[in-house]
Each structure stands twice: as C-alpha cells, then as structure tokens.
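Read through the structure below, which is laid out as structure tokens, and then see the notes.
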Amino acid sequence: MPPRSRRPFRPTPRPLRPPAASAAGPEAVPEVLPSFAELGLSPDLVEATTAMGFERATPIQARAIPVALAGRDLVGQAQTGSGKTAAFGLPILERLEVPGPPTQALVLCPTRELTVQVSEEIGRLASRRPVGWIAIFGGDPMRRQLTGLRQQPQIIVATPGRLLDHLQRRSLSLGQVRFAVLDEADRMLDMGFAPDVERILRQTPSARQTMLFSATMPEWVRRLASRYMRDPETVSVTGRTELVPTVRQWYIECSWADKVDALTRLLDSPIVKVGLIFTETKRNADLLHSVLLTRGYDVTVLHGDLSQHDRDEALERFRNSRVRFLIATNVAARGLDIDDISHVINYDVPSTPEEYVHRVGRTARAGRDGVALTLITPIEILKLRDIERHTNTRIERHTARELEELVGEGVGAA
Ligand code: AMP
C-alpha cells in the first residue's frame with residue numbers, strides 16, 4: 001500500500017489530445033503508435049494502463065520507454081499533457097526492485113501541485129504492484145511525511161526545497177537511488193531551484209539512471225544534462241515551443257483602467273463556461289479576487305502565498321466544478337491537468353513566451369477546443385509580438401468594443 005495518497009483515487013480515463021503536428025522533423029513519430037505490451041512492459045503494468053483508459057502509447061512514451069527500459073539516460077523534450085509521467089513512470093516501475101530497498105526512485109518536480117499529480121499518476125500505474133510511493137512537498141505537515149517515510153517507500157516524488165529539509169534531518173537518504181527524474185526541468189530553473197537540484201543529485205549514486213524532461217531546453221538544462229547524465233539519448237516530440245493546435249487565440253486591447261470591465265464582460269458570457277484567469281503577481285491575483293467577489297462572481301484564487309490547505313481547496317473546488325472561475329499566478333500554469341477549461345484568460349500578459357504556452361496549454365485538454373484570451377494595454381503590445389515570434393503563431397486582435405460581438409460570435413464555440 002502506498003504510504004499516503006492525498007486525494008481519493010480518480011480512475012477517470014482521460015484520453016490525450018491527438019499527437020501534435022510536432023511529429024514532423026528528423027525524429028518523426030511512428031505513424032502507428034505501439035501498445036504498451038508491444039513496448040515490452042509486464043502484463044500487470046499493461047493491465048494498469050488499460051484500467052486507466054490508455055489504449056496506445058503516446059509519441060513521447062513510444063520513444064522514451066524503450067530507451068528507459070534499456071537503462072539509458074534520457075533527455076525528453078515534451079509538453080505537459082503529452083503523457084510524460086507514464087513515459088518515465090512505467091520503465092521505473094518495470095525495473096524497480098520489489099520488495100527492495102527504500103528510495104530507489106526519485107522524481108523532482110517544481111511545484112507542490114505537480115508533485116501531487118505526478119505521485120498520484122505513479123500510484124495508479126503501480127496499482128497492481130506492491131510498490132510504496134510518497135509525495136514530499138513544502139506546506140504539507142512534516143509529521144505526515146515523516147510517518148510516510150518510515151514505511152520506506154521505493155518511489156519519492158518531491159519538490160527540491162522540502163526534500164533538502166528531509167536530507168538535513170536525515171529522515172531520508174539518497175544512497176540507494178537507482179533512478180532520478182527531473183520533471184519540468186526548465187520550470188525548476190525559473191523557480192530558482194538550480195542549486196538545490198544540483199545539491200540533491202550530488203547525494204545520489206553516480207551509477208543511477210537519470211531522466212530529464214522539459215518543455216524547453218534552455219542553456220541551464222543542457223548544462224545540467226551534460227554534467228549529471230551519461231551519454232543521454234534525446235527524445236523529442238516538439239521541434240520548438242508549440243501551442244496546442246485546437247486553441248484559438250485572441251487578444252483584446254483595452255486601457256489599464258478598463259481591464260476589470262473588459263474581463264467581467266467576458267465572464268458574463270454564457271459561452272465562457274469555465275475560466276482560468278492568470279495574473280502575473282500574487283498581489284494582482286488577490287486584488288482581482290476581491291473585486292470579482294464584490295461583484296458577485298463565482299471565483300476563487302490560487303497562488304504561492306496561500307497555505308497548502310487553501311491551495312488544495314481552491315484547486316479541488318475548481319477541478320470538481322464547484323467554482324466557475326479560478327484566478328491563479330503562474331504556479332498553476334504548468335502541468336495541471338484539468339479537463340473542461342473552456343477559456344484561459346491572461347488578465348496580465350505573461351512575461352515570457354514559454355509562460356504563455358504553458359498557460360494556454362491549460363485549455364483544450366483531451367482533444368477539446370479551447371480559447372485563450374489575453375487582455376493587453378497598448379504599452380504591452382511588444383510583449384505580445386515577442387510571444388507571436390517565439391511561438392510562430394498569430395494572436396488575433398480585438399478592441400474592447402468588439403468584445404460583445406466577439407463573444408456572441410462564439411469565442412468559446414466548441
Ligand atoms: P502527463 O503529461 O503525464 O501529465 O499526462 C497527461 C494526461 O494524459 C494524464 O491524465 C494521463 O493519465 C493521460 N495519459 C498518459 N498516457 C496516456 C495514454 N497513453 N493514453 C491516454 N491517456 C494518457
């Protein structure tokens with residue numbers, strides 16, 4: 001039994017969006033994707049994937065699983081939502097020694113939410129094996145984590161900061177790690193985790209197998225790969241920063257003073273069924289939250305200064321459709337896998353093209369349509385051009401006055 005699971009098991013099979021056009025290029029995705037049995041996985045793991053509703057491997061799984069099963073170090077470039085967790089989770093489960101020593105596999109994730117999500121996905125994949133796993137992250141009661149660790153789980157999914165706390169307390173040792181995974185490596189860099197990640201890796205045996213996944217490959221990620229990996233094989237399903245093809249992208253020009261009104265006119269539209277609204281700062285998230293609450297909107301907020309309990313609650317309410325709108329900072333931009341978000345609204349323009357791609361990727365999950373709307377003040381237009389250049393897309397312009405017409409025309413037509 002796993003030492004702990006933060007949420008009840010959700011057996012919802014969630015089909016992936018179709019393999020992206022990114023399949024083009026020197027490493028073209030095979031046209032017929034293999035089944036999990038064809039990839040050489042044991043029957044109980046194949047059964048677990050079937051129970052989760054997976055029929056065939058996704059492109060990243062088709063390429064990464066054979067490399068990982070062969071014991072090679074791996075650099076995977078793939079978007080969130082591409083099935084990355086199973087791409088590293090299944091080979092680890094296949095090769096883990098069970099019963100065997102604790103902490104054989106270590107997965108580092110940038111945020112608490114991703115840590116929970118990844119650990120739960122691993123829990124589902126491991127449902128037919130007596131494997132122990134635990135999620136370790138800041139904001140969660142230390143006592144609960146210590147109790148979980150005493151059960152000697154083989155798989156640890158952790159944020160770097162809290163993991164270092166445990167290493168200092170000696171409640172955990174990395175001496176037996178055979179598999180290390182750096183998930184969302186570029187995000188860990190953005191969040192200033194680079195030194196922590198290196199400190200952690202230095203405490204693991206050098207003979208480990210290391211797998212690194214990242215949506216983008218900035219210089220630090222390459223450096224880390226060359227310093228901590230042995231002759232890694234690179235598998236990539238994105239030639240460049242790409243957007244989900246089914247997302248329609250619009251921007252709305254308005255003055256700073258009109259922003260809240262422009263937003264509420266959007267939220268008033270029945271077509272905007274479920275909206276994830278991004279702000280750049282925690283302060284803006286809180287301010288916007290109070291304004292929208294005062295105006296009677298069904299809204300909650302998620303950012304890094306809230307207690308873990310409040311963050312979990314906000315996410316659960318949004319995930320379970322108990323609240324229609326979630327205001328969030330970039331903490332919710334990556335990896336979160338919530339179906340049915342009809343609209344992503346950038347109340348503030350994201351500061352980097354990568355952040356834009358990640359935010360926009362929260363809609364149009366599981367092959368659905370989605371709309372990304374960005375509110376832009378005239379001074380911010382250069383940021384938008386930069387995003388268009390990097391993502392090689394065009395974001396259509398509309399003025400605040402055109403809004404109603406735009407919404408009426410079916411901004412959210414799915
Ligand atoms: P991830 O990129 O690991 O966050 O996965 C995104 C979503 O795709 C999760 O809900 C997974 O359960 C689901 N998923 C992963 N692999 C497959 C697959 N081969 N077929 C269908 N869904 C999958």
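Model, not experiment: these values are computed from the prediction. One-based numbering, in listed order, for ligands and for the atoms of each. Every heavy atom of this structure was used, including side-chain atoms; hydrogens, water molecules and symmetry mates were not. All residue numbers refer to positions in the sequence shown, counting from 1.
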If only side-chain N and O atoms count, and only distance matters, is there a donor-acceptor pair under 3.5 Å linking Gln209 with Asp73?
no
For ring pair (Phe, Tyr, Trp, His ring centres under 6.0 Å), just list the numbers for Phe88 and Phe213, CA-CA rounded to whole Å, side-chain angles, deciding distance to a tenth of an Å, and then say yes or no.
CA-CA 9 Å; Phe88 62 77; Phe213 287 84; 5.5 Å; yes
Hey, which atoms in ligand 1 end up nearer than 4.0 Å to a heavy atom of Thr58?
17 (C), 18 (C), 19 (N)
Indicate the atoms forming the closest heavy-atom contact of Arg311 with Leu306, along with that distance.
CD-O, 3.7 Å
For the atom pair CD (Gln249) and CD (Glu396), what is the distance rounded to the nearest 0.5 Å?
9.5 Å
If you measure every N/O of Glu55 against every N/O of ligand 1, is any gap under 3.5 Å?
no
Before signing off on this row, confirm whether Gly83 and ligand 1 have an N or O atom pair separated by under 3.5 Å.
yes
Which of the numbered atoms in ligand 1 are below 4.0 angstrom from a heavy atom of Glu121?
11 (C), 12 (O)
Thr85: numbered ligand 1 atoms lying under 4.0 Å from its heavy atoms
1 (P), 3 (O), 4 (O)
Quick one: which ligand 1 atoms are inside 4.0 Å of a heavy atom on Phe36?
19 (N)
Is any side-chain heavy atom of Val197 closer than 4.5 Å to one of Pro195?
no
Under 4.0 Å to a heavy atom of Arg56 - the qualifying atoms of ligand 1, by number:
18 (C), 19 (N), 20 (N)
Identified side-chain contact (heavy atoms from CB on, under 4.5 Å) partner of Lys259 from the options Ile376, Ile252, Asp348, Leu288:
Asp348
